[in-house]
2 protein chains.
Amino acid sequence: MARYQAGIRTEERILEATRELLGEVGLEGTTLKAICDRAGVRAGSFYNLFESKDDAVMQVVKDAIRAVDPHPDKDVPDSLRELIEAFILFITGQPEVARVYLKIAISGATNGSLGDQIIGHHQRRVARFAAAIGREHPEMDEEAAVARAEIILAALSGLAFMWMIQPGFDYASRARLVSQSSLAPE
Amino acid sequence: MARYQAGIRTEERILEATRELLGEVGLEGTTLKAICDRAGVRAGSFYNLFESKDDAVMQVVKDAIRAVDPHPDKDVPDSLRELIEAFILFITGQPEVARVYLKIAISGATNGSLGDQIIGHHQRRVARFAAAIGREHPEMDEEAAVARAEIILAALSGLAFMWMIQPGFDYASRARLVSQSSLAPE
DNA sequence: CCAAACTTAGAGCATTCACTCAAAATAGAG
DNA sequence: CTCTATTTTGAGTGAATGCTCTAAGTTTGG
């Protein structure tokens, strides 16, 4: 299954087109035709490289998350502060991709693989936050750490929600308040 | 424009069908055909009574909000605690309609009238929360009251988000913690 | 019972969507 | 250069979608 250069470049063009469209016109406007038009490709080529439209969208979302992941190589444990900063960067750095993420997550897992994958990612994120909290507060039992992780993520998500509705909302600084208050002793 | 009884009953059946469908299959599954099938009505009748599909969805969402509104008659000012309880009731009482609300809000106002209306409603809600806070804390200036209202709504929304992703999440009690902490002096 | 107003039916329209497929074109290894 | 594997094309499919329109039917007030 040796790839040719042409195919690899086409794949990149398609992902770039998908990323741009998600940013410009949201998930609704990111149709297959729109992706193909922008990438300068016909539908057949798209399906030679991707399983489905959702496949391409999911890759873009995953890339965006990965781009701000503090330690994509899994061996280094991350601090809560780093994780929170990564979340802030994810929301502020690619707001429209983040919007898609939240939207799909809210839509639930009934919609098929896209929702399933994002919810799965979210739950792994909760676990990662909880692990960091557990590491920094050894006196806390696991249940309490998970509860705190959920609250922190709820706050970060809720602030993101407000920001997306009210463009003037100062997301980053409010989110850092969450960081401070959550890092303080109970 | 005197209404006949038949038309009024049909309108109610359509709204009931829409409400049920939003709860059972979400916004995606609530198609015109599904609504009409369940209401036992043809498309023509639907459009005799509603401007568009979004019109019917919007009425359902508005009704749900209104049903838990502490003081629909505007003269009585509401307390912050009442407003928070109303929000909790909105989320827990009709979770799937609330899901639709959050989803449309996140989708933004570019999607047309549905998004516009929900964002408008949201902003009125912020103002109402801020007014209640201002009433209960006369020493606080207006800007601070608005900021606090935004944070409270962000927390409530974020918790709702978590609940929708993790069904085991105990929304009501966590949300009441927001209530307590936000009612405490600064 | 009449007539005007309102309601309903239901076929059908125009559009959009994600996706398929067989054949032509091209790239790359030997 | 040749031969094979990969890539690209682009018309086409079938299934949805929201919505329209006209003719027929029903309700209501007088």
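First the proteins, then the strands, lettered A, B, ... as listed; each starts at 1.
Side-chain polar atoms of A:Ser173 and A:Asp170 form a donor-acceptor pair below 3.5 angstrom. Under the 3.5 Å distance criterion, with hydrogens and angles disregarded, no donor-acceptor pair is assigned to the side chains of A:Tyr101 and A:His122.
Protein atom CD of B:Glu11 is 10 Å distant from nucleotide atom P of C:dT8, rounded to whole Å. Spacing between atom CZ of B:Arg9 and atom P of D:dT26 amounts to 14 Å, rounded to whole angstrom units. Spacing between atom NZ of A:Lys33 and atom C1' of C:dT16 amounts to 11 Å, rounded to whole angstrom units. For B:Ile14 and D:dG18, the CD1 to P distance is 14 Å, given to the nearest whole Å. Rounded to a whole Å, the CD atom of B:Glu28 is 19 Å from the P atom of C:dT16. With rounding to whole Å, A:Leu27 atom CG is found 12 Å from C:dC17 atom P. When the P atom of C:dA5 is taken as reference, atom CD1 of B:Ile8 falls 18 Å away, rounded to whole Å. In this structure, the CG atom of B:Leu49 is 11 Å from the P atom of C:dA9, given to the nearest Å.
The side chain to side chain contact (heavy atoms under 4.5 Å, CB included) check on A:Ser157 picks up A:Phe87, B:Phe161, with sequence neighbours excluded. In this structure B:Tyr47 satisfies the ring-ring contact (aromatic ring centres under 6.0 Å, His included) test with no other residue, sequence neighbours excluded. Contacts of A:Tyr4 classified as side chain to side chain contact (heavy atoms under 4.5 Å, CB included), with partners at least two apart in sequence or in another chain: none. Under the side chain to side chain contact (heavy atoms under 4.5 Å, CB included) criterion, B:Ala149 pairs with B:Val126, B:Phe129, B:Ala130, B:Ile133, not counting sequence neighbours.
Taking only side-chain nitrogens and oxygens, B:Thr10 never comes nearer than 4.0 Å to OP1 or OP2 of C:dT7.
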Base-contact (B) and sugar-phosphate-only (S) positions in nucleotides 21-30 of chain C, heavy-atom cut-off under 4.0 Å, - elsewhere: B-----BS--

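For A:Thr31 and B:Arg42, each mapped to the nucleotide of DNA chain C holding its nearest heavy atom, the one lying further toward the 5' end belongs to B:Arg42. Each of A:Gly40 and B:Glu51 has a nearest nucleotide on DNA chain D; the 5'-most of these lies closest to A:Gly40.
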Which atom pairs, donor and acceptor, lie under 3.5 Å between side-chain atoms of residues 89-97 of chain A and protein residues at least two apart or in another chain?
from    : atom 1 : to      : atom 2 : distance (Å)
A:Thr92 : OG1    : A:Ile88 : O      : 2.8
A:Glu96 : OE1    : A:Arg99 : NE     : 3.0

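Taking every side-chain heavy atom of B:Asn48 into account, C:dT8 is the closest of D:dC19, D:dT8, C:dT8.
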